[in-house]
A.B. asks: 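Quick one: structure below, then a few questions.
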Amino acid sequence: SRNRRVPREDPARNELVSRSLESAQQCLFNQDYGTAFVHYLLVLNLAPVLKDFASESFRFTLFKWADELDSLGRIQDLFDCYEQALELFPTDEVIINSMGEHLFRMGFRDEAAGHFHKALKLKPDYPEAKENFYRVANWLVERWHFLMLNDRRRNHKYQQAIQKAVEGGCNTVLDIGTGTGILGMCAKKAGAAEVYACELSKTMYELACEVVTANGMNGLIKILHMKSLEMEVPKDIPKRVSLVVTETVDAGLFGEGIIESLIHAWNHLLLPPQSTQDPSRPPSQAGRVIPAGATVFGMAVQCLEIRRHHRLCVSEIGGLATAAAGELHSPVSCSSEDDSTEPYTTERLSRLPGGYTPLTEPFNALDIDFNNVQELEGLCSREVSRVRLPVTGEGLLDALAVWFQLHLDQQSSLSTGPKEDTCWEQAIYPVQTPHNFPLRPGDELIVEISCRDAYLRLCSVAVARDGREFRLDDCLDPDKPRNNPGPSGNPNPSLNAEAELCSALACLGTEQSSGPRDYTMLECAEMALLNNQPYHDSFRRALAKLITNLKDARSVQGPSQGQGLEVMPLTDPPSGPMDPGPDPFYVLDVSEGFSVLSLMAASQGQVKAYSSVEKTQHQAVLRRLARANGVPEEALEFWLNQVEDEQAVLQRPSREKLWSAIILDCVETCGLVRQKLMEKATLARCLLEDGGQIFPERIVLYGMLVESDTLLLESAVQGQEPTLGFNIAPFINQFTVPVHVFLDLSTLQCRHLSDSVELFILDLMNTNANYTNRDVKVQASASGRVTAVPFWYQIHLNEEISLSTFNQDSHWKQAAVVLHQPLAVREGDWVRLAVTLQKSSISISASIEEEAGETGTVDC
Ligand code: 44T
């Protein structure tokens with residue numbers, strides 16, 4: 001390489017560079033991005049001096065070419081291009097952020113988030129990266145890390161248990177799923193000779209390395225970026241350890257794979273357990289696990305909030321009968337074999353809006369000893385156990401709630417129960433049967449408990465009443481012979497109600513007994529939306545009003561196309577035998593996911609509605625509903641079946657027709673404005689006919705001042721004090737996200753420090769009228785510390801009709817901005833909120849408005 005000439009001195013090279021650059025520009029002009037990209041690569045590799053000059057066009061070419069590769073499905077090529085680009089521009093935050101966006105769309109969230117994070121570190125005020133990062137940070141470093149690190153009782157108990165074990169002789173330790181490294185550091189601090197830790201998430205692994213180094217334990221704890229199941233002795237750790245510590249448990253206990261991890265650990269990573277035959281073996285020569293075991297509890301509950309997210313509860317929505325929809329299920333089912341379902345979801349029972357009613361006492365569902373490998377291995381092959389639970393409350397069976405006690409050792413345990421003061425959620429096993437079964441004291445609920453594919457499964461199978469059993473799950477396996485069918489017991493004629501109940505249960509109908517039942521899956525939020533009658537009624541009224549207005553306008557204009565506008569107030573549109581029928585009104589619904597709004601529009605008559613529902617199963621539901629509700633087939637069409645392109649999404653049906661209404665879905669379930677909403681609205685506005693409308697026409701953001709420690713605990717590790725004596729907070733707090741989503745504001749533990757106040761207006765019918773910054777003044781109604789500003793929306797469909805996203809039966813959750821620093825206020829103080837809406841992400845900062853006199857001067 002000593003002989004190699006400096007590129008600038010090589011005329012042939014210079015020639016090649018300038019010709020390639022020309023070609024690149026020419027190709028770019030011809031929109032041949034692939035070739036342009038190759039030329040640019042060549043140019044910039046040969047002549048790095050041109051980087052500054054060509055960076056803009058290079059990026060542009062890269063992004064265009066990447067979009068093409070993306071739509072061609074050439075994913076490998078796409079990422080190769082980005083890698084080549086990053087070799088040239090390793091610190092270009094725009095390229096890094098864009099690569100993150102592609103990764104995110106492909107489902108590589110962890111990697112995507114890593115890119116956004118990196119882009120943001122390179123340029124802390126880069127709004128695109130900020131918005132992207134905030135949207136994914138929750139997945140990267142999940143909220144519960146903050147909660148757990150803030151949970152002093154839990155930290156202390158783990159530390160005590162580890163310290164005792166180490167002092168008792170366990171001196172080689174493996175921390176499985178180390179997270180920030182905290183339990184491993186406890187073991188080291190307690191005096192363990194060798195400490196190993198593994199972590200499968202890349203982000204968490206890197207974080208753990210940083211934390212361990214910052215605490216002076218670099219080299220003293222060996223951290224591995226891998227799943228414990230892949231670890232081997234002596235490849236990854238030199239010999240078997242005497243202690244495994246782990247907190248790889250989720251709300252359903254087994255969801256993080258602790259059973260499999262521990263079976264593997266006992267077989268490959270741990271010393272043999274202390275045997276009862278030979279209790280003389282010293283602890284350093286025996287293996288053990290912290291936690292030592294767990295006890296799982298369950299309880300049947302009635303809960304409307306759970307019900308409306310998992311079952312269709314309404315027989316009519318927006319004027320449409322729903323019976324023909326067929327059976328709809330949420331993706332949460334303990335009995336389904338379907339890959340797209342989960343056996344349980346999680347909730348904090350204590351924070352469910354509307355609360356819940358226990359229908360049984362808590363019952364013991366399972367005991368498990370983590371120090372007994374035979375028991376762990378036997379768990380999945382264990383017989384399904386059946387328990388009979390006396391019903392103690394009256395109500396509909398909506399779900400089984402599950403929690404557990406984690407026994408760290410003989411002395412100490414943690415509970416995740418609903419009555420406990422903990423950060424833990426409970427596992428919720430919703431009932432999926434479409435028919436309500438009212439339980440009452442005296443009944444017995446029969447629950448089956450099993451452990452298939454390492455998930456704990458609880459399934460309510462039957463109700464025993466007056467010596468008879470009513471099966472709840474026949475529909476799922478109709479061919480299975482029934483244990484106790486029919487009124488064989490006491491044929492008491494007064495049990496007519498029972499007979500009705502019997503036939504009310506879908507499973508007892510004979511027509512259903514042929515083969516497995518068909519059902520359609522809806523996301524929980526889609527189910528809740530379908531159950532939201534006020535939402536649909538509002539849309540129905542707003543649509544009807546618009547159509548009436550447009551009809552009036554047309555009839556006034558008449559066939560003479562707008563002449564003599566004021567002269568003839570016709571009440572009926574002119575129609576005769578020669579009339580080919582009135583032109584339809586075109587309505588487009590671009591709601592995300594499942595939506596029946598298009599069908600509601602079509603059912604108005606004289607409307608041609610376009611739905612953007614994409615899943616074929618969902619389209620089938622709409623077709624069935626259309627047929628059953630007398631909507632002609634041609635009145636409903638499916639738009640964008642394949643259209644990916646944003647621009648094409650909103651194209652009108654045919655050249656000469658414009659849309660009468662475009663329905664935009666503007667607020668996401670999580671409580672944030674949908675991304676690119678205003679861009680979409682701008683586009684939509686251009687495609688409206690005269691008098692046409694965007695629904696909604698306007699959304700207004702409301703918020704209030706609150707003091708909520710809960711929100712603080714979920715957002716960052718709090719306080720100046722080190723966590724268990726370790727310096728962890730500054731590292732994990734890099735992943736603090738100021739906007740909290742999916743809140744239930746009605747049950748959030750907080751003190752209101754002001755009335756609600758209008759924060760912002762988004763006008764969709766006049767997108768130019770929108771601003772990005774606004775100062776809002778709000779008066780404190782009580783003294784306290786403002787820690788957050790929760791916010792929600794009033795969605796105005798038209799001048800008269802509006803919906804709130806902060807509403808009991810809404811499918812929306814709320815969001816909140818957590819202030820960078822709490823703001824102390826006294827009652828009567830005026831607080832100035834600086835609200836910014838950049839893209840679709842909101843930020844708020846708060847300060848005390850010192851003098852009343854200032855108020856006037858701000859706007860002048
Ligand atoms: N959530 C609790 C789960 N891991 C807690 O990558 C409680 C949820 C929760 N690493 C609200 C409140 C709470 N090998 O970083 C994770 C994970 C890692 C492994 C290596 C393995 N076999 C595994 C398995 C998991 O362990 C860490 C902790 S797991 C989940 C803990 C406050 N909602």
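As the structure lists them, so they are numbered: ligands from 1, and atoms in each ligand from 1. Atoms considered below: every heavy atom in the structure, side chains included; atoms not considered: hydrogens, waters and symmetry mates. Computed from a predicted model, the values in this text were never measured in an experiment.
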A.B. asks: For W144 and C423, indicate whether the former's side chain and the latter's backbone hold a donor-acceptor pair under 3.5 Å.
C.D. replies: no

A.B. asks: Using distance alone, with no hydrogens and no angle criterion, decide if T669 and H811 have a side-chain donor and acceptor under 3.5 Å apart.
C.D. replies: no

A.B. asks: Name the orientation class of the two ring planes belonging to H117 and F133 (parallel below 30°, tilted from 30 to 60°, perpendicular beyond 60°).
C.D. replies: parallel

A.B. asks: Could you establish whether A251 and ligand 1 come within less than 4.0 Å of each other, counting only heavy atoms on the residue side?
C.D. replies: no

A.B. asks: Hey, which atoms in ligand 1 end up nearer than 4.0 Å to a heavy atom of S261?
C.D. replies: 22 (N)

A.B. asks: With ring-ring contact (aromatic ring centres under 6.0 Å, His included) as the test, would you mind laying out the steps for Y344 and Y429 before giving the verdict?
C.D. replies: CA-CA 5 Å; Y344 55 84; Y429 293 75; 5.4 Å; yes

A.B. asks: Counting distance only, does the side-chain N/O of N215 pair as donor-acceptor with the main-chain N or O of N727 below 3.5 Å?
C.D. replies: yes

A.B. asks: Who gets closest to atom 10 (N) of ligand 1 by heavy atom: T416, L200, L262?
C.D. replies: L200

A.B. asks: Atom 14 (N) of ligand 1: which of S228, G257, G252, A265 has the nearest heavy atom?
C.D. replies: S228

A.B. asks: What atoms in ligand 1 come closer than 4.0 Å to a heavy atom of R348?
C.D. replies: 11 (C)

A.B. asks: Below 3.5 Å, N or O to N or O, backbone or side chain included: is there any such pair between E247 and ligand 1?
C.D. replies: no

A.B. asks: Just verifying a value: how many Å separate N132 CG and N97 CG, rounded to the nearest 0.5 Å?
C.D. replies: 5.0 Å

A.B. asks: Between the side chain of T172 and the main-chain N/O of E194, is any donor-acceptor distance below 3.5 Å?
C.D. replies: no

A.B. asks: Does a donor on one side chain and an acceptor on the other come within less than 3.5 Å for Q159 and Q163?
C.D. replies: no

A.B. asks: Should the pair F104 and F116 be assigned to parallel (<30°), tilted (30 to 60°) or perpendicular (>60°) ring geometry?
C.D. replies: tilted

A.B. asks: What atoms in ligand 1 come closer than 4.0 Å to a heavy atom of K227?
C.D. replies: 14 (N), 20 (C), 21 (C), 22 (N)

A.B. asks: Check each atom of ligand 1 against the heavy atoms of E256 and keep those under 4.0 Å away; list them by number with element.
C.D. replies: 24 (C), 25 (C), 29 (S), 30 (C)

A.B. asks: Looking at ligand 1, is there an atom of it that comes within less than 4.0 Å of some heavy atom belonging to T178?
C.D. replies: no

A.B. asks: Checking a contact table here: which protein heavy atom is nearest atom 25 (C) of ligand 1, and how many Å away?
C.D. replies: T248 CG2, 3.4 Å

A.B. asks: List the closest protein heavy-atom neighbour of atom 26 (O) of ligand 1: residue, atom name, distance to the nearest 0.1 Å.
C.D. replies: G177 CA, 3.1 Å

A.B. asks: So, T178 and D175: side-chain donor and acceptor under 3.5 Å apart, yes or no?
C.D. replies: yes

A.B. asks: Please state which protein non-hydrogen atom is closest to atom 32 (C) of ligand 1 and give its distance, to 0.1 Å?
C.D. replies: M148 CG, 3.0 Å

A.B. asks: Quick one: nearest non-hydrogen protein atom to atom 6 (O) of ligand 1, plus distance?
C.D. replies: E199 OE2, 2.6 Å

A.B. asks: Please work out whether any backbone atom (N, CA, C, O) or any side-chain heavy atom from C-beta onward of M226 is under 4.0 Å from ligand 1, and answer side chain, backbone, both or neither.
C.D. replies: backbone

A.B. asks: If we check side-chain contact (heavy atoms from CB on, under 4.5 Å) with Y134, which of these qualifies: V737, V739, L672, V741?
C.D. replies: V737

A.B. asks: Which residue holds the protein heavy atom closest to atom 11 (C) of ligand 1, what is that atom called, and what is the gap in Å?
C.D. replies: E425 CG, 3.6 Å

A.B. asks: Report, in ascending order of atom number, the atoms of ligand 1 lying under 4.0 Å from any heavy atom of C423.
C.D. replies: 11 (C), 12 (C), 32 (C)

A.B. asks: What protein heavy atom is closest to atom 13 (C) of ligand 1, reported as residue, atom name and distance in Å?
C.D. replies: W144 CB, 3.5 Å

A.B. asks: What protein heavy atom is closest to atom 3 (C) of ligand 1, reported as residue, atom name and distance in Å?
C.D. replies: V249 O, 3.3 Å

